Amino acid sequence: MNYWQEVEIIVNYEAQEAVSEILMNQGAKGVAIEGDIIMQQALADRLGDYFPHLTGSEQVAIKACFSKYKTERELQHLLKSVQDLDKFGLNVGRVKLNWKIVCDKEWADVWKDHYHPINIGKVVVQPSWEILPPQDNKVYVTIDPGMAFGTGTHPSTFMCIEALQQMDLADKVVWDIGTGSGILAITAAKLGAKQIEAVDIDPVAVKVCSLNAELNQVNLKPKQGSIDQINGTADVIIVNIIADVIIELLPQICSKLPPKGLLFVSGIINQRAEEVRQEAYQLGLRQEWENRQGEWVFYCFSQGEVSDD
Ligand code: SAH
């Protein structure tokens, strides 16, 4: 059994990304964020119902694990770096740092207990540590999400994988904007796409996506950045990012989508769906179909009419 040093930093929600980055730069093997401390405590105390307004607010606990233990001095330095984020205009709040030694099972594998193979039509998305014996007529996509988003369990990803199966991808060029773990680009390749391209603004996602492409023996070299990093045009562009980013990228997407090209957008919450649809219409896109799961909305738009041939 391996032992790790788990360092917990309690900080205001708005600083969570910056703190995660500091921890990763300090050599953390993984970072996990536990939302809303006050709410968690209230729930633990069975007082959750009395705090309906606190969800999503204020302090979060960011936990990182290190295989090489940090000394007391290094920890103090870490605490100071977090407090110094204030100087960059981030309101870190009252920062607290705790640490303890934990064993493997407590840290590395706990979340893995919740990620099992999932069936999405004929596609099976399986975690890299739980490979299934292959069956005919199934398409297997093996994913180690690491620190990136995209296991297939989120409705927004699920609906994109469903949509990819509704078309014949042979001879098609598919772009995955905001690839995360690479799950959608890899699925497109496994479903027969001729060429796939993937980009993500997050360097960690680019790394994870590369590893997953290798794992699946798919020819994919993801790039760091956004849609402007890809040249040419695409038959299908998939964007599973939040509504604000989709709206921002729509003009560029339109310019890269030839007549009959398709755009899949996902990751849109119900309340923003109509706004995204209107923006797409303004740019001359047509809605082909939509799908909904819980509070999440998926649209397929086309550039001009899609022929039936
Ligand atoms: N495609 C995966 C991951 C979606 S999460 C899936 O469907 O499960 C959204 C990803 O988009 C994140 O990895 C985030 O880093 C990336 N992202 C956010 N804004 C972006 C932008 N403007 N351009 C490219 N990628 C972006």
Side-chain angles (χ1 to χ4, degrees), residues 16-18 20-21 24 31 33 111 114-115 117-118 120-121 123-128 141-165 174-191 193 196-213 215-216 218 220-231 234 236-257 262-269 272 276 279 291 293-294 296-300:
Q16 62 163 341
E17 273 186 36
S20 302
E21 204 163 314
M24 290 306 279
V31 176
I33 296 163
W111 68 278
H114 301 285
Y115 182 25
I118 17 171
I120 308 172
V123 172
V124 181
V125 183
Q126 55 188 3
S128 55
V141 175
T142 306
I143 294 292
D144 184 340
M147 290 290 297
F149 186 97
T151 55
T153 50
H154 194 272
S156 65
T157 315
F158 193 101
M159 290 191 284
C160 290
I161 294 179
E162 276 184 327
L164 281 168
Q165 294 174 70
V174 179
W175 293 0
D176 179 11
I177 312 301
T179 194
S181 66
I183 185 167
L184 300 178
I186 293 168
T187 302
K190 291 250 171 149
L191 289 170
I196 46 168
E197 302 285 348
V199 288
D200 201 298
I201 49 168
D202 178 0
V204 174
V206 174
K207 217 172 205 168
V208 171
C209 173
S210 281
L211 290 171
N212 282 319
L215 203 61
N216 287 276
V218 155
L220 173 64
K221 300 257 173 308
K223 296 189 182 118
Q224 191 186 340
S226 197
I227 188 165
D228 51 345
Q229 292 300 312
I230 320 176
N231 296 322
V236 182
I237 299 181
I238 316 170
V239 191
N240 178 15
I241 318 181
I242 54 168
D244 278 336
V245 179
I246 293 171
I247 290 171
E248 190 187 309
L249 294 179
L250 269 176
Q252 272 196 76
I253 293 170
C254 282
S255 71
K256 307 272 192 168
L257 211 55
L262 290 181
L263 166 64
F264 294 170
V265 288
S266 197
I268 306 160
I269 47 168
R272 305 293 305 276
V276 172
E279 291 284 338
N291 195 2
Q293 251 191 44
W296 299 95
V297 181
F298 167 99
Y299 288 121
C300 172

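In each ligand, atom 1 is the first atom listed, and ligand 1 is the first ligand listed. Note that this is a predicted model, so its numbers are computed, not measured.
Within the listing of ligand 1, atoms 6 (C), 8 (O) sit less than 4.0 angstrom from a heavy atom of I183. Close approach to T179 involves these atoms of ligand 1, each under 4.0 Å from a residue heavy atom: 1 (N), 2 (C), 3 (C). Within ligand 1, counting atoms from 1 as listed, the ones closer than 4.0 Å to a heavy atom of G225 are 24 (C). Taking every heavy atom of D202 and a limit of under 4.0 angstrom, the matching atoms of ligand 1 come to 15 (O).
With a 4.0 Å heavy-atom cut-off, ligand 1 is reached by the side chain of L184 but not by its N, CA, C or O.
Annotation: S226 places an N or O atom under 3.5 Å from an N or O atom of ligand 1; distance criterion only. Annotation: N240 places an N or O atom under 3.5 Å from an N or O atom of ligand 1; distance criterion only.
Around the CD atom of E17, the shell of radius 6.0 Å holds no more than 12 heavy atoms that belong to other residues, nucleotides or ligands. Under a cut-off of 6.0 angstrom, the local environment of NZ in K221 is sparse, with at most 12 non-hydrogen atoms contributed by other residues, nucleotides or ligands.
The nearest heavy-atom contact from the protein to atom 5 (S) of ligand 1 is F149 CD2, 3.3 Å. Distance from atom 8 (O) of ligand 1 to its nearest protein heavy atom, with residue and atom name: T157 OG1, 2.7 Å. If you check which protein heavy atom lies closest to atom 12 (C) of ligand 1, you get D200 OD2, 3.5 Å. Nearest protein neighbour of atom 22 (N) of ligand 1, counting heavy atoms only, is V245 CG1, 3.5 Å. Regarding atom 19 (N) of ligand 1, its nearest protein heavy-atom neighbour is I201 CD1, 3.5 Å.
With hydrogens and angles ignored, the 3.5 Å screen pairs a side-chain donor or acceptor of K256 with a backbone N or O of I230. Under a 3.5 Å cut-off, the side chain of N212 and the backbone N or O of D144 do form a donor-acceptor pair. Without hydrogens or angle criteria, N216 side chain to T142 main chain gives a donor-acceptor distance under 3.5 Å.
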Hey, can you pull the donor-acceptor pairs under 3.5 Å for the side chains in residues 196-207, sequence neighbours left out?
{"from": "E197", "atom 1": "OE2", "to": "Q195", "atom 2": "NE2", "distance (Å)": "2.7"}
{"from": "D200", "atom 1": "OD1", "to": "D202", "atom 2": "N", "distance (Å)": "2.9"}
{"from": "D200", "atom 1": "OD2", "to": "T179", "atom 2": "N", "distance (Å)": "3.3"}
{"from": "D200", "atom 1": "OD2", "to": "G180", "atom 2": "N", "distance (Å)": "2.8"}
{"from": "D202", "atom 1": "OD1", "to": "V204", "atom 2": "N", "distance (Å)": "2.9"}

N/O donor to acceptor pairs below 3.5 angstrom from side-chain atoms of residues 240-249, sequence neighbours left out:
{"from": "N240", "atom 1": "OD1", "to": "S156", "atom 2": "OG", "distance (Å)": "3.3"}
{"from": "N240", "atom 1": "OD1", "to": "G267", "atom 2": "N", "distance (Å)": "3.2"}
{"from": "N240", "atom 1": "ND2", "to": "S156", "atom 2": "OG", "distance (Å)": "3.1"}
{"from": "D244", "atom 1": "OD1", "to": "R272", "atom 2": "NH1", "distance (Å)": "3.3"}
{"from": "D244", "atom 1": "OD1", "to": "R272", "atom 2": "NH2", "distance (Å)": "2.8"}

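Counting heavy atoms only, G178 comes closest to atom 11 (O) of ligand 1 of the residues S266, G178, G150, C160.
The CD1 atom of I238 sits 5.0 Å away from the CG atom of L184 when rounded to the nearest 0.5 Å. Remark: N291 CG to F264 CZ distance equals 11.0 Å, nearest 0.5 Å.
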